[in-house]
Amino acid sequence: MSEYSINAAAMSAFGQGLNTTAHNLANINTQDFRAWSRVYSEGRPGQGPRAVTRSGEDAFGARDRVSVSFLDPSDPEAALRQISENGLPPEAMSGNTVDLARETVNLITDQRAFEANAAVISTRQTLDDAMLGLVADRRV
């Protein structure tokens, strides 16, 4: 796979991240909305990074922002036992999980990564054009 393809794959992955952030921000006032998350990973050798968007869960497959207000804070051991024995009750998962600060950071990070890969492609194109110009000049 060429350098262009690797950077294009990275731009596609970071573009997917930007779409995920846009989706979360569009639903910031939607009651009980579960924020989508994205996980970036290395693709197959020579294929560049890839992004996986997860609906309504964090990068580890767990729900974001679990409310533990139903637990007794004075006895943390009992609270942990209650969760491990019974799981989390539905009321612990209520509410919108979009975090504006996190989405802002994700937006800036993905945007900068997208721009950096675009700059690499542009620079590579400039270098290729210069090399072709040198080859053409030698033939004349």
Side-chain angles (χ1 to χ4, degrees):
M1 186 173 250
S2 75
E3 293 85 2
Y4 291 113
S5 300
I6 292 171
N7 290 110
M11 289 175 67
S12 176
F14 293 118
Q16 183 176 341
L18 290 168
N19 287 337
T20 302
T21 297
H23 177 75
N24 288 343
L25 292 175
N27 286 286
I28 198 163
N29 292 321
T30 303
Q31 185 174 353
D32 295 331
F33 175 76
R34 297 278 174 238
W36 289 11
S37 64
R38 92 272 283 124
V39 177
Y40 295 111
S41 65
E42 201 173 316
R44 293 186 188 128
Q47 291 188 346
R50 64 186 194 99
V52 175
T53 300
R54 293 200 170 129
S55 172
E57 52 190 36
D58 69 12
F60 304 102
R63 296 288 184 170
D64 283 296
R65 283 196 184 177
V66 175
S67 167
V68 291
S69 59
F70 62 94
L71 300 172
D72 180 8
S74 65
D75 189 1
E77 289 179 9
L80 288 173
R81 252 190 331 275
Q82 180 182 349
I83 291 172
S84 64
E85 291 171 4
N86 305 321
L88 290 170
E91 62 268 18
M93 296 308 301
S94 63
N96 187 309
T97 63
V98 176
D99 180 351
L100 184 58
R102 181 185 332 150
E103 296 304 327
T104 302
V105 170
N106 289 342
L107 176 67
I108 293 168
T109 303
D110 290 345
Q111 181 181 8
R112 295 294 188 259
F114 186 93
E115 290 170 351
N117 280 282
V120 169
I121 289 174
S122 177
T123 301
R124 179 66 190 200
Q125 182 66 46
T126 301
L127 289 172
D128 287 349
D129 290 347
M131 292 296 286
L132 288 173
L134 289 173
V135 170
D137 290 344
R138 283 191 162 190
R139 290 186 179 181
V140 176

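It should be emphasised that the depicted structure is a prediction, and the values quoted were computed from it without experimental measurement. Here, residue 1 is the first one in the sequence, and each next residue gets the next number.
Within the model, atoms CZ of Phe33 and NE2 of His23 stand 3.5 Å from one another, a figure rounded to the nearest 0.5 Å. If you take CG on Asp110 and CD on Glu103, they are separated by 9.5 Å, rounding to the nearest 0.5 Å. Distance check, rounded to the nearest 0.5 Å: CG of Leu107 to CG of Leu25 gives 7.0 Å.
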Show me, pair by pair, the donor-acceptor contacts under 3.5 angstrom made by side chains of residues 113-121, not counting sequence neighbours?
unit_1: Glu115; atom_1: OE2; unit_2: Gln111; atom_2: NE2; d: 3.4
unit_1: Asn117; atom_1: OD1; unit_2: Asn7; atom_2: ND2; d: 2.7
unit_1: Asn117; atom_1: ND2; unit_2: Ala113; atom_2: O; d: 2.9

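Considering only residues two or more places apart in sequence or on other chains, Thr104 meets the side chain to side chain contact (heavy atoms under 4.5 Å, CB included) condition with Leu100, Ile108. By the side-chain hydrogen bond (donor to acceptor under 3.5 Å, both in side chains) test, Thr126 is found to be paired with no residue, residues two or more places apart in sequence or in another chain being considered. Residues forming a side-chain hydrogen bond (donor to acceptor under 3.5 Å, both in side chains) with Arg112 (at least two apart in sequence, or on another chain): none. Partners of Asn19 under the side-chain hydrogen bond (donor to acceptor under 3.5 Å, both in side chains) rule, at least two apart in sequence or in another chain, do not exist in this structure. Considering only residues two or more places apart in sequence or on other chains, Thr30 meets the side-chain hydrogen bond (donor to acceptor under 3.5 Å, both in side chains) condition with Asn27.
For Asp129, the CG atom is densely surrounded, since the number of other residues' heavy atoms within 6.0 Å is greater than 12.
Paired with Arg102 under the rule side-chain contact (heavy atoms from CB on, under 4.5 Å), one option of Asp99, Val98, Val105 passes, and it is Asp99.
The two residues Ala51 and Ala13 come nearest to each other via the heavy atoms CB-O, 3.6 Å.
Between Thr109 and Phe14 there is no side-chain heavy-atom pair separated by less than 4.5 Å.
Hydrophobic side-chain contacts under 4.5 Å tie Met131 into a cluster, directly or through other members, with Leu134.
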